[in-house]
2 protein chains.
Amino acid sequence: MEFRHLRYFITVVEQSTFTTAASILHISQPSLSTSIKNLEKELGLILIDRSTRESRITKEGKVLYLEAKKLINHYEHVVGEMKRLKQQGPSELSIGLIESSKFWVPKILANFKQEYKDVRIRLLEVLGLQEVERALNNFDTHLAITNQYIDNKEIETIPIYDEKLVALLPPMHPLKNKSYININDLEGEAFIVCKEGFQTREDILNAFRKSGIKPNVQFELERFETACSLVEDGLGITVVPENYVKYSKKSAFHIKQIHDSNISRTVYLAYDKNRYLPPLVLSFIALVKDFFDDKPDH
Amino acid sequence: MEFRHLRYFITVVEQSTFTTAASILHISQPSLSTSIKNLEKELGLILIDRSTRESRITKEGKVLYLEAKKLINHYEHVVGEMKRLKQQGPSELSIGLIESSKFWVPKILANFKQEYKDVRIRLLEVLGLQEVERALNNFDTHLAITNQYIDNKEIETIPIYDEKLVALLPPMHPLKNKSYININDLEGEAFIVCKEGFQTREDILNAFRKSGIKPNVQFELERFETACSLVEDGLGITVVPENYVKYSKKSAFHIKQIHDSNISRTVYLAYDKNRYLPPLVLSFIALVKDFFDDKPDH
DNA sequence: ATGTTTATATAGTTTTAGACTATAAATAGG
DNA sequence: CCTATTTATAGTCTAAAACTATATAAACAT
């Protein structure tokens with residue numbers, strides 16, 4: 001069984017006919033037929049139920065398909081790494097980020113660049129938990145900074161720091177002069193929150209749930225930036241990670257600490273344990289660990 | 001670049017000579033030389049510094065070696081999965097069982113066989129929690145009946161019923177005429193319990209622990225059957241799931257209810273969510289659910 | 001130095017896996 | 001019942017990968 005066979009098999013499954021698969025693969029239909037037949041013979045399993053109308057995958061075929069798909073992703077990743085190496089060009093470090101990590105990641109990258117000058121760095125916005133898992137599994141990113149624990153034995157998830165969530169109040173809000181607020185103060189207020197699937201949404205809604213308060217959600221959106229401008233225009237209150245607003249200067253809104261033990265969350269560094277991590281990736285992980293060992297509270 | 005080339009390359013690196021690598025791979029040295037040369041040509045990189053004395057890997061070769069090693073591991077995993085699938089045969093249902101489930105599983109299997117006559121059914125004794133997880137992850141079993149909750153995102157654990165644990169007393173025991181006993185009555189008594197790693201052991205020892213009583217463990221063994229015959233011979237007291245003795249006729253021992261809220265446990269049905277579950281497995285799960293929906297208390 | 005040993009490279013040949021074309025067989029739909 | 005569509009089979013060609021024999025290079029011993 002060579003990679004070619006798996007590639008062919010995957011294409012047949014996805015096209016569900018041999019003829020179209022063959023044309024996509026730029027080989028003749030008989031070649032593809034015999035190739036799949038040989039694969040089945042080698043494995044001793046029937047992978048595809050043939051018919052003249054439309055071929056259907058068997059349950060054994062389904063297992064191979066899912067496994068092979070991942071394996072081919074891995075293969076493509078290795079080929080990509082070698083191509084990059086050949087071009088002598090800069091190697092690459094790609095990191096998936098949550099929005100609130102923007103304040104500290106650049107500081108680490110500054111150090112990192114001193115040691116690895118030619119490395120091109122790709123920063124990707126990651127969304128939900130599934131998205132993080134998919135990105136790591138598919139070799140889209142080497143690392144992810146995430147605020148939900150990933151319960152997957154293939155992925156190592158290291159807690160790096162805890163961060164508070166703070167409320168943002170519009171300029172003229174009645175609570176603007178309090179030095180801090182309680183979560184109960186937010187009851188009934190028009191509330192702005194991330195859309196379904198975004199990681200911060202769950203953290204915030206959980207905190208409300210634990211406190212027995214039902215937020216009056218009026219807006220759902222994708223980015224903190226948008227939420228901030230809605231707050232500035234007096235459309236409601238939102239809750240964001242403290243780190244997101246701590247370092248920003250221009251703020252027409254009021255930042256208020258919330259006195260509630262549920263209003264905090266842990267941020268993790270995650271990576272795929274099974275794949276080869278180049279030295280530059282290990283080096284970046286070490287920098288992150290060092291950074292937060294010195295400053296335990298962030 | 002096919003799997004073969006990577007395998008060859010890895011062997012050369014690990015042997016650090018072409019000649020020995022070739023003999024390990026059961027090919028001739030010239031074949032191996034040209035194969036590696038072709039790989040280098042395809043990638044456009046020099047992977048190995050040849051010399052007559054001892055070949056050394058280049059910097060680029062090292063990268064490929066580390067990447068390829070991971071990739072080949074992945075490949076071997078997939079091949080292993082397919083071999084296991086083949087050995088399992090196309091229509092087999094394998095279930096991991098705890099001993100106390102023997103009373104009801106056959107009733108369900110009778111129904112199941114009416115619908116799926118040709119399916120071979122394998123019943124496996126499962127042991128500890130790790131054993132269950134491993135068996136489900138490795139395709140050893142489609143399902144497991146277990147009495148511990150499995151906290152693993154990949155595994156779905158459905159509670160199906162609660163069962164009491166009862167004490168078995170020897171024929172001439174002083175407590176034989178009481179209608180029920182308390183857990184304190186068992187203090188100091190010679191006690192028979194499952195060996196380390198068996199699931200029921202933990203349930204029973206936990207119940208004692210919660211009641212602040214230390215059992216005087218005199219025998220550790222693997223099967224309830226053996227425990228029963230030790231009790232019959234007056235060697236001590238044991239505690240077993242009520243369902244294990246409820247339906248057996250010949251009993252030279254006394255079965256006593258224990259009045260203690262800790263002396264019960266939940267039995268679960270567990271399966272791997274990520275794997276493809278054939279229809280016959282889904283059908284079996286449905287039968288189990290139906291069975292216990294009708295009879296909520298077992 | 002120079003021959004011996006050891007390892008890799010090259011040349012030429014055979015074998016085999018995978019590609020092709022042409023065509024048969026099967027089946028759904030008009 | 002014919003037609004269009006799809007997969008399977010047969011026969012052939014090609015290219016990749018195996019082989020054997022031998023050249024070449026370098027290290028080491030005498």
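Every chain is numbered from 1, with letters handed out A, B, ... down the list of sequences. All values below come from the heavy atoms of this structure, side chains included, with hydrogens, waters and symmetry mates left out.
- Between the CD1 atom of B:I27 and the P atom of C:dA17 there is a distance of 15 Å, rounded to whole Å.
- With D:dC19, C:dT8, C:dT21 as the candidates, the nucleotide lying closest to the side chain of A:S28 is C:dT21.
- Taking the side chain of B:T19 as heavy atoms from C-beta on, and the options D:dA8, C:dT10, C:dT8, the nearest nucleotide is C:dT8.
- The residues B:K83 and B:E76 are annotated as not salt-bridged, no charged nitrogen and carboxylate oxygen being separated by less than 4.0 angstrom.
- In the set C:dT21, D:dA18, C:dA9, C:dA9 carries the atom at the smallest distance from any side-chain atom of B:Q29.
- Looking at A:E154 and A:K273, no side-chain N of the basic residue comes within less than 4.0 Å of a carboxylate O on the acidic one, giving no salt bridge.
- Computed from coordinates, the A:I36 CD1 to C:dA19 P distance equals 11 Å when rounded to whole Å.
- Separating the CD atom of B:E2 from the P atom of C:dG18 is a distance of 9 Å, rounded to the nearest angstrom.
- The side chain of A:S33 contributes no N or O atom lying less than 4.0 Å from OP1 or OP2 of D:dT7.
- Contact between the side-chain N/O atoms of B:R50 and the OP1/OP2 oxygens of C:dA7 is not found at any separation under 4.0 Å.
- Taking 4.0 Å as the cut-off between side-chain N and carboxylate O, A:R134 and A:E131 count as a salt-bridged pair.
- Ranking D:dA8, D:dT9, D:dA17 by closeness to the A:T34 side chain, first place goes to D:dT9.
- Between B:E42 and A:K86 no salt bridge is recorded (no basic side-chain N to carboxylate O distance below 4.0 Å).
- B:V288 is not listed as a side-chain neighbour of B:L143, based on a closest heavy-atom distance of 4.5 Å or more.
- B:H5 has a side-chain polar atom (N or O) that falls below the 4.0 Å cut-off from OP1 or OP2 of D:dA17.
- Shown here for A:F292 and A:I160, the closest heavy-atom pair between the two residues is CB-O, 3.6 Å.
- Here C:dA9 is the nucleotide among D:dA18, C:dC20, C:dA9 with the atom lying nearest to any side-chain atom of B:F18.
- OP1 or OP2 of C:dA7 has not a single side-chain nitrogen or oxygen of B:T17 nearer than 4.0 Å.
- A heavy atom lying under 4.0 Å from DNA chain D marks the following residues of residues 37-47 of chain A, by number: A:K37.
- With rounding to whole Å, B:R4 atom CZ is found 6 Å from D:dA18 atom P.
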Q: Determine, step by step, whether A:E81 and A:R84 satisfy the salt bridge (Lys or Arg N to Asp or Glu O under 4.0 Å) criterion, reporting the C-alpha distance in whole Å, the side-chain angles of both residues, the deciding distance to 0.1 Å, and the verdict.
A: CA-CA 5 Å; A:E81 289 291 302; A:R84 199 167 294 127; 2.8 Å; yes

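- D:dT20 atom C1' lies 16 Å from atom CG of B:L32, rounded to whole Å.
- The listed nucleotides are D:dT20, D:dA18, D:dT7; the one nearest the side chain of B:Y8 is D:dA18.
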